[in-house]
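Keep in mind that what you see is a predicted model, and the values were worked out from it rather than measured. Proteins get letters first, then strands, A, B, ... in listed order; numbering begins at 1 in each.
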2 protein chains.
Amino acid sequence: MGPAIYAIPLCGGTTAPRQLLSFEERRKLSHIALIRRFEAGAFLFRETEQATEIFNIVAGVVKTTTTLADGRQSTVAFFFNHDLLGMFEAGYYSQTAEALTSVTTYSFPIDSLVPLLRKDPDLQFHFFSKVLDELRVAQRQALVLGRFGAAQRIALFLDLLDRHPEMHRSGGPSISIPMDRSDIADYVGLTVESVSRTLQRLHRAGIIYLDGRHAFEIRDRVALDRLIGGTVAADDQTLFPAL
Amino acid sequence: MGPAIYAIPLCGGTTAPRQLLSFEERRKLSHIALIRRFEAGAFLFRETEQATEIFNIVAGVVKTTTTLADGRQSTVAFFFNHDLLGMFEAGYYSQTAEALTSVTTYSFPIDSLVPLLRKDPDLQFHFFSKVLDELRVAQRQALVLGRFGAAQRIALFLDLLDRHPEMHRSGGPSISIPMDRSDIADYVGLTVESVSRTLQRLHRAGIIYLDGRHAFEIRDRVALDRLIGGTVAADDQTLFPAL
DNA sequence: CGGAATCTTGATACTGGTCAACTAGAGTGG
DNA sequence: CCACTCTAGTTGACCAGTATCAAGATTCCG
């Protein structure tokens, strides 16, 4: 079918993400694209490596991380179907990308992609829109990490998974969690222990149902949304009778 | 002199930010640009307004904020000289922009700018690079808010000001702080009280010198860098004898 | 079935938030 | 020019939430 980029369009009236590329654009991109597959745990690229390609995910989940000065790894973002990753700076990748599941991607060699974008302003505009989309996500993430408590952070994270149709297991209510607790912890800025505690608390409160380590269901959408809205104080006894 | 965009170039070998626009591009942009001035406290635009123009700052400082579900305002970013702001989504501004000082900008009407970008891929590529730059800043901000303590956050914020030459008062070591404590607090994800306490602590530790409310000097660059590096534990007695 | 991760749970410490009082500056009007 | 006032900022005491440290429980995988 060819590469695909989902994002909220810049100018179109919609607030809902949609496919940005026209049939013709997808064909053009196919032309320079390679299909590449990665096993779970494999690296798509590492930070400080010279940037050679940009990836468009077709299946699977990828996380990107940066190494802090003290050696800790910090998860920057998760990438799902129809996302673009491999944005670079001064010719070098600024993050490390690791496959969390087995992953299928289109790979655009930068040497082919950049000329294509410079020649085709409309196509470039769609890449541009996708990056703006990522910018908003990153800004929202900063906001969440700066001001929200553990329950809200976890709720937002679960909502992120819920929003991705490919995380829903075959029609049922079960949503898969492709990453392990420490990935989640790195992403939401908590410790593994706090992630675990918070998940269990939401589980015991009946808001979610934890189905093993790598799946969950949303049992009380309203309560979850209230948490995400940021309206609920931590001492809300209705939500956290077990506190 | 015309509009100017500073950022780390995508492909060039440099990691240092530099002017991205060619003389010719600046001329083209001048052609569609209006000069607009704002008093301190004035709004350049408000969230949910229809997006009509994009701004390029020539002088002054702007903050952008979003309103949370519970009514709190949260500062998303500060914009300085040669920055671009007014990025939008689905035709509407997603943030509110307020002048912190008196501000001079070039204003590009979107109706003129978008066609120009669609016609001129190289120019668009420079806007693209600037947005990628902002994306990295936002991701770094998320990282900082998620993992660092108060001292590190404040140190990073002071470093941000230091990096902007126009914040340095006439050659001297004094750096101006154009925003008030609550803006800082909103930005770094702390309360006003914690910002105050942390600034005073850095002051008493001799790392910075607070010169009134709206200026400071860096007295111990090495210690500040160590904080920023994230290497220093909060209990480091060399840095915080007063703890 | 056994060993090794991963995850959960509990006890305690510490950072930063909250609430409240106090101080310093900036502006105002007599 | 000097009180007066009002806002912004600082400081202190106390508390809540999360990190940390330390076991235990599960799950995964050979």
Does dA19(D) have its OP1 or OP2 closer than 4.0 Å to a side-chain nitrogen or oxygen of S194(A)?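 For S194(A), the contact criterion (side-chain N or O under 4.0 Å from OP1 or OP2 of dA19(D)) is met.
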
Below the 4.0 Å mark, does dG17(C) have OP1 or OP2 next to a side-chain nitrogen or oxygen of T191(B)?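 Answer yes for this pair, as a side-chain N or O of T191(B) is under 4.0 Å from OP1 or OP2.
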
To the nearest angstrom, how far is [X] atom [atom1] from [N] atom [atom2]?
X       : N       : atom1 : atom2 : answer
L199(A) : dT9(C)  : CG    : C1'   : 14 Å
I184(B) : dG16(C) : CD1   : P     : 16 Å
L190(A) : dT20(D) : CG    : P     : 11 Å
E193(B) : dG12(D) : CD    : C1'   : 11 Å
L210(A) : dT6(C)  : CG    : P     : 19 Å
Q200(B) : dT11(D) : CD    : P     : 4 Å
R197(B) : dC14(D) : CZ    : C1'   : 11 Å
D211(B) : dA24(C) : CG    : P     : 17 Å

Between [Y] and [X], is the closest basic N to carboxylate O distance under 4.0 Å?
X       : Y       : result
D220(B) : R226(B) : no
K63(A)  : D180(A) : no
E217(A) : R219(A) : yes
E193(A) : R181(A) : no

Once you apply a heavy-atom cut-off of 4.0 Å, does G212(A) come out as touching a base, just sugar-phosphate, or nothing?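 Nothing: the residue G212(A), judged by heavy atoms under 4.0 Å, touches no strand.
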
Select base, sugar-phosphate, or nothing to describe what R181(B) touches, counting heavy atoms under 4.0 Å on all strands.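 The residue R181(B) makes sugar-phosphate contact but no base contact.
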
Would you call the rings of Y93(A) and F88(A) parallel, tilted or perpendicular, where under 30° means parallel and over 60° means perpendicular?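 Ring orientation, 0 to 90° scale: perpendicular.
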
Want to settle it: does G146(A) or S196(A) sit nearer the 5' end of DNA chain C, counting the closest nucleotide to each?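 The residue whose closest nucleotide sits nearer the 5' end is S196(A).
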
dT18(D), dT6(C), dA8(D): which one has an atom nearest the side-chain heavy atoms of D180(A)?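 Of all the options, the side chain of D180(A) is nearest to dT6(C).
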
